[in-house]
Amino acid sequence: MLLGTVLVMLLAGAAPASAHAALRSTDPDDGSVVQRAPRHVTLTFTESVGLLDDSFRVFGPDQRRVHTGEATHADGRSDTARIGLPGKLAEGTYTVAWRVVSADSHPVSGAFSFSVGKRSATTGQIDTGPTEDPLTRGLYDAARYLAYLAAALLVGTAAFALLCRPAHTSPLRWPLVAAWWTLLGSTAVLLLLRAPYEAGTGPAAAFDASALGRTLTGRPGLALLARLLVLLLTAAFLIGLSRRRDTVKRPVALAIGTALATALALTWAAAEHASAGIQVPAAMTSSVVHLLATGVWLGGLVALLLTLRRSSGDDLVEVVPRFSRIAFASVTVLAVTGFYQSWRGLGSLSALSGTSYGRLLLAKLAGVAVLLLVAGYSRRWTARIAAPAVAARAAVPAPVPQPVGAPAGGREAAEGPGTGEPGTSEEAESRGEPESLDGPAGSGAGSVDPGIRRRLRRSVLVEVAVAAVVLMITTVLTGTLPSRAQAEAAQQAPVGALPPTTEITVPFDTGTDSVTGSGKVQVTLDPARVGENGVQAVVYGSDTGLVVIPEVRVTFTLPSRKIGPIDAELADRGGYWSTNSVNLPLAGNWTMKTTVRVSDVDQVSVERRVRVEP
């Protein structure tokens, strides 16, 4: 009942949004100069966000932190974040550092500035506080990778035992146990590190009881809690199946195992990329199926590798072809769901090479391609192993029914090798042989050529190694901003923001040794179109701080039409230079000449090309 409640809460929170929150607008605008001090700072995002205790840090012109109120959502909208400011703010430039948590569980942060009255004449480096603690991020990512790896091994090994029906399941017990404990431990670590991961603080913050309490009320924390509950139910299922293997019907075991594996996969889908963005129900379904197919295939490879090392040749004649068919079906499912998820995350083909998400996806596809090539090589040896089974079925008569309780050896002799029918293991245990869910292996281990078996084992080992790399890339991919969300955030016009601008950096050097003798001028031309334009120039000295100089002059010339020079006639605004009335009459590639005078005798002029659109 508790598990169902947690899963319902997770699904109820999976509302449509853009995966990874992107900042849509700020109020006041970034870089703006306001004449009256604002009472609030408000951020608007492309999706709902979660707030932290320290979501905002505001620093004044003196680089000291400004006392602010508690972070809240503006007007009850979950896609906003607001902080109250003191009643009186001194003139100068203020820096706002922010950090929130996206709907898909990943923290995002940034900073912007605004000025009251006028910009500060000089600025220095401001410590805006933590953005990302490398140790916390490293531990968190390592735990996420181990969780993916352990989940694939747990699901794949259990599926292999139930679907492929190897005669000896004892070799599969230790990977099941190791996978369960690894997934339990990594989930517990993720739960503890969730609060410092969101806040960008060190691992020591994981032991803050209040922070852990907040984690358990958010969707990522609920997903991790649900995962722990599913793991406890899984342990009870595996223990019960092991103790009552002769009485539990295989269809019942398969149904319960599938339900538990689906619930386990849902704890990922409900708190990561699939839970936010377009087509959320379809995306979550695709994600769950994709994760299950990944586990059945990749985790099954490990189980097959162990079976190749421990089981008899007669057993392999039946088991290997079964897994080959299951693996082929899994790969087909992975191809369909992977194509959909790639389309949903990318948005366009150009994003494959133009974004980090696209490049990581290409790396994953390359890894999968190598994995498929090795799998194709393995199928050659699988076909050779399966050949004796085909011949045996044509030559061996139907199995003779045996009375209940007949010795395992007599039954195996009557039925022939590799049937995979249930039997007892008491006799095997008395001889010290491994215990089995399906009965002991038959005799006649020489039916599979040792050379073929060895080559298949090597190729499967390569598949397992490549699969581990693919899972590592997948872990990084799930923490990367999807290309579609990145493009949507870039295309959306910020509410109340300034028109599109063109920024030109103009380095200068007058040959003097003073702070103002060299540096750069940041010139902003907006909207960089035919007609009236605004020009703003900010001068930075050699120490990267803002500097005050006697004069900045900017002129525009269009050589192809012999127009100009047009003087922008910049006015000193007390720390920066600007004008709002430069008329550029024609579109084209204009030459912008910037003259910087740092003293009565020292000045330098630098030219840059500027594109003016129609």
Side-chain angles (χ1 to χ4, degrees), residues 23-45 49 51 54-100 109-129 492-501 503 522-527 532-540 545-549 552 568-582:
L23 182 62
R24 176 181 292 171
S25 66
T26 66
D27 183 15
D29 293 325
D30 185 12
S32 64
V33 179
V34 296
Q35 298 305 313
R36 180 176 298 179
R39 298 300 304 273
H40 302 90
V41 170
T42 305
L43 309 182
T44 303
F45 297 89
V49 295
L51 302 178
D54 206 25
S55 274
F56 285 92
R57 296 179 297 279
V58 182
F59 300 88
D62 58 358
Q63 303 179 18
R64 294 183 179 180
R65 186 166 178 176
V66 176
H67 177 71
T68 59
E70 183 180 356
T72 60
H73 293 294
D75 302 323
R77 293 174 49 190
S78 60
D79 62 344
T80 63
R82 171 176 287 180
I83 196 77
L85 297 175
K88 293 184 179 180
L89 293 178
E91 283 192 342
T93 300
Y94 290 79
T95 301
V96 181
W98 55 269
R99 186 178 182 89
V100 295
S109 60
F112 71 98
S113 64
F114 68 92
S115 301
V116 177
K118 63 178 182 179
R119 286 185 172 85
S120 300
T122 59
T123 60
Q125 287 294 111
I126 297 177
D127 181 10
T128 56
Q492 290 175 343
V495 179
L498 295 174
T501 62
E503 291 188 353
Q522 191 75 44
V523 181
T524 303
L525 176 66
D526 65 272
E532 292 290 332
N533 283 264
V535 179
Q536 182 178 347
V538 182
V539 184
Y540 297 88
L546 294 176
V547 295
V548 178
I549 60 175
V552 175
E569 298 182 356
L570 300 180
D572 187 358
R573 304 297 184 184
Y576 70 102
W577 302 73
S578 71
T579 183
N580 293 319
S581 57
V582 179

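For reference, positions follow the sequence shown, starting with 1. Everything numeric in this text was worked out from a predicted model, so none of it was measured.
Applying the side-chain hydrogen bond (donor to acceptor under 3.5 Å, both in side chains) rule to pairs touching residues 33-43 yields T42-R82, sequence neighbours excluded. Counting only residues at least two apart or in different chains, salt bridge (charged side-chain N to carboxylate O under 4.0 Å, His left out) contacts with residues 60-76 comprise D54-R65.
To the nearest 0.5 angstrom, Q536 atom CD is 6.0 Å from S578 atom OG. Here the straight-line distance linking atom OG of S115 with atom CG of L89 works out to 11.5 Å at 0.5 Å rounding.
Nearest heavy atom pair, residue V539 against residue I549, reads CG2-CD1, 3.8 Å. For the residue pair A568 and T579, the shortest heavy atom distance occurs at O-CG2, 3.3 Å. The minimum heavy-atom distance linking P28 with T26 is given by the pair O-OG1, 2.8 Å. Scanning all heavy atoms of the two residues, the minimum distance from W577 to D572 falls at CE3-N, 3.5 Å. Contact record, P38 with V116: CD-CG2, 4.3 Å, taken as the closest heavy-atom pair. Residues T72 and L51 share a closest heavy-atom pair of C-CD1, 3.4 Å.
Side-chain contact check for V523 versus V535: some heavy-atom pair is nearer than 4.5 Å. In this structure, the side chains of T95 and V58 stay at 4.5 Å or more apart for every pair of heavy atoms. Residues D27 and S25 have side chains not in contact (no heavy-atom distance under 4.5 Å, counting atoms from C-beta outward).
In summary, of the residues considered (F112, F45, F56), a ring-ring contact (aromatic ring centres under 6.0 Å, His included) with W98 occurs for F45 alone.
Considering only residues two or more places apart in sequence or on other chains, Y94 meets the ring pair (Phe, Tyr, Trp, His ring centres under 6.0 Å) condition with F114. Every residue was checked against the side chain to side chain donor-acceptor pair (under 3.5 Å) condition with S113, not counting sequence neighbours, and none meets it. Judged as a side-chain contact (heavy atoms from CB on, under 4.5 Å), and not counting sequence neighbours, the contacts of T80 are T44, H73, A74, R77.
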